[in-house]
2 protein chains.
Amino acid sequence: MAVQTRMTKQRKVILEELCKVTTHPTADEVYDMVRQRLPRISLGTVYRNLDVLAESGDVLKLEHAGSQKRFDGNTNPHAHVRCSICGKVGDVMNVEYIASSQGAVAPGFTIHAAYVEFEGVCDDCQTHN
Amino acid sequence: MAVQTRMTKQRKVILEELCKVTTHPTADEVYDMVRQRLPRISLGTVYRNLDVLAESGDVLKLEHAGSQKRFDGNTNPHAHVRCSICGKVGDVMNVEYIASSQGAVAPGFTIHAAYVEFEGVCDDCQTHN
DNA sequence: CTATCTGCAAATAATTTGCATGTAC
DNA sequence: GTACATGCAAATTATTTGCAGATAG
């Protein structure tokens, strides 16, 4: 396995595009964004690089947002809200209460991280439905 | 589409087996459990019934627990903790702080529900690693 | 009876992987 | 130069679906 990592053109563009947006795109959507600058990039490369970038902590892999994984260029800890109708994912602002999760008790587990995801309806779906 | 629902032998056994355990099994694990009582049941039937039961509120579908969905016979609202090593899912006991999520603000969304999932290491993995 | 459900097998969707070639360092 | 990365296509994994026969109510 790789013991070192290289900043290839593909990896750089993926990271740049992901940091540009706050839409928490799926791998597929990242592929579409990146393809505008690198038309010959493959979806496999996008998946591989998103994993490498998540591993190195440069992006966040949201494994908790529906059936497809989503990616976030904002690596500060923050909570998400997902639209139950269209699947869109947004940011939740005042998450200071997450701190209170320190008191959580889970018999048989040692807790290392807390993921909080809200579900709701986005304004667009509210209007169109 | 179905406008009515029937309590078939398969559906009954799936619900019974799911309520017996607190292990939050995947569809595949439910299939294994149920097959001991109904050897000719198919995996497709298990998926279909888990969806019907989730729809009717008799079981909980945990879409936030890793890449595979997991199912929970305990429909009381409670939070979960997932082992980052083996993927096992447990219950978190004192989740009263979830109430404080009422104060959450998400621009562009109307929040309807909160999912909290913790990540950690279970005692087994702690010992074996 | 008949609408719903089942088993089976094939289809789909998301993601991962093998391999020959390309490239960062 | 060489270990890591890429593009492509095929493989895998989880889940869903079409259909003909079975069954709950």
Side-chain angles (χ1 to χ4, degrees), chain A residues 1-18 24-56 58-72 82 86-87 89, chain B residues 1-18 24-56 58-72 82 86-87 89:
Chain A
M1 65 282 302
V3 64
Q4 199 189 148
T5 204
R6 287 177 189 171
M7 185 48 66
T8 59
K9 193 166 34 158
Q10 289 86 339
R11 189 165 299 165
K12 185 157 165 291
V13 171
I14 288 169
L15 182 54
E16 283 173 3
E17 291 300 312
L18 199 47
H24 314 81
T26 59
D28 218 75
E29 290 165 349
V30 172
Y31 178 49
D32 284 341
M33 290 156 59
V34 167
R35 225 171 356 165
Q36 298 183 22
R37 292 176 56 189
L38 300 174
R40 300 199 54 75
I41 197 170
S42 76
L43 182 55
T45 297
V46 171
Y47 270 105
R48 272 184 289 226
N49 277 306
L50 287 172
D51 275 345
V52 169
L53 291 168
E55 191 69 30
S56 64
D58 293 310
V59 310
L60 239 48
K61 191 187 207 171
L62 310 179
E63 315 215 30
H64 310 270
S67 56
Q68 278 181 79
K69 285 167 190 155
R70 290 176 176 273
F71 296 85
D72 194 342
R82 179 165 53 95
C86 70
V89 173
Chain B
M1 65 280 302
V3 64
Q4 199 189 147
T5 203
R6 289 177 187 172
M7 186 46 67
T8 59
K9 194 166 34 155
Q10 290 85 342
R11 189 164 299 165
K12 186 160 163 290
V13 171
I14 288 170
L15 182 54
E16 284 173 4
E17 292 299 313
L18 197 48
H24 314 82
T26 60
D28 217 75
E29 289 165 348
V30 173
Y31 179 49
D32 284 342
M33 291 156 57
V34 168
R35 225 171 355 165
Q36 298 183 20
R37 290 175 57 188
L38 301 174
R40 300 199 53 76
I41 197 172
S42 76
L43 182 55
T45 296
V46 171
Y47 271 105
R48 273 185 287 226
N49 277 306
L50 287 171
D51 275 344
V52 169
L53 292 168
E55 191 69 29
S56 65
D58 293 310
V59 310
L60 239 48
K61 191 186 208 171
L62 310 179
E63 315 216 31
H64 310 268
S67 56
Q68 278 180 80
K69 284 168 189 153
R70 290 176 175 273
F71 296 86
D72 195 341
R82 178 165 53 95
C86 70
V89 173

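Lettering follows sequence order; numbering is per chain, from 1. Because the structure is a prediction, the values reported are computed rather than measured.
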Residue pair B:K61 / B:F71, side-chain heavy-atom distance below 4.5 Å: yes
Nearest-angstrom distance from the residue atom [atom1] of [X] to [atom2] of [N]:
X: A:K9; N: D:dT6; atom1: NZ; atom2: P; value: 11 Å
X: A:E29; N: C:dT15; atom1: CD; atom2: P; value: 11 Å
X: A:I14; N: D:dA5; atom1: CD1; atom2: P; value: 12 Å
X: A:E55; N: D:dC4; atom1: CD; atom2: C1'; value: 16 Å
X: B:Y31; N: D:dT15; atom1: OH; atom2: P; value: 14 Å
X: B:M7; N: C:dT6; atom1: CE; atom2: P; value: 10 Å
X: B:R11; N: C:dA3; atom1: CZ; atom2: C1'; value: 13 Å
X: B:Q10; N: D:dA22; atom1: CD; atom2: P; value: 14 Å

A:T26 vs C:dA14: side-chain N/O to OP1/OP2 distance below 4.0 Å: no
Side-chain N,O (A:Q4) to OP1/OP2 (D:dA3) below 4.0 Å: no
Salt-bridge contact A:R48-A:D51 (side-chain N to carboxylate O under 4.0 Å): no
Any donor-acceptor N or O pair under 3.5 Å, side chains B:D58, B:S56: yes
Interatomic spacing from [atom1] in [X] to [atom2] in [Y] - rounded to 0.5 Å:
X: A:I14; Y: A:T45; atom1: CD1; atom2: OG1; answer: 7.5 Å
X: A:K69; Y: A:L50; atom1: NZ; atom2: CG; answer: 11.0 Å
X: A:Q68; Y: A:E29; atom1: CD; atom2: CD; answer: 7.0 Å

Closest nucleotide among D:dG25, C:dT15, D:dA5 to the A:K69 side chain: C:dT15
Base C:dA3 paired with B:R6 side chain (donor-acceptor, <3.5 Å): yes
Sugar-phosphate only, base, or nothing, as touched by B:T5 at under 4.0 Å among non-hydrogen atoms: sugar-phosphate
Nearest atoms (heavy-atom pairs only) where A:Y31 meets A:I41: CE1-O, 3.5 Å
Contact list for DNA chain C against residues 37-54 of chain B - heavy-atom distance below 4.0 Å: B:R40, B:I41, B:S42, B:T45, B:R48, B:N49
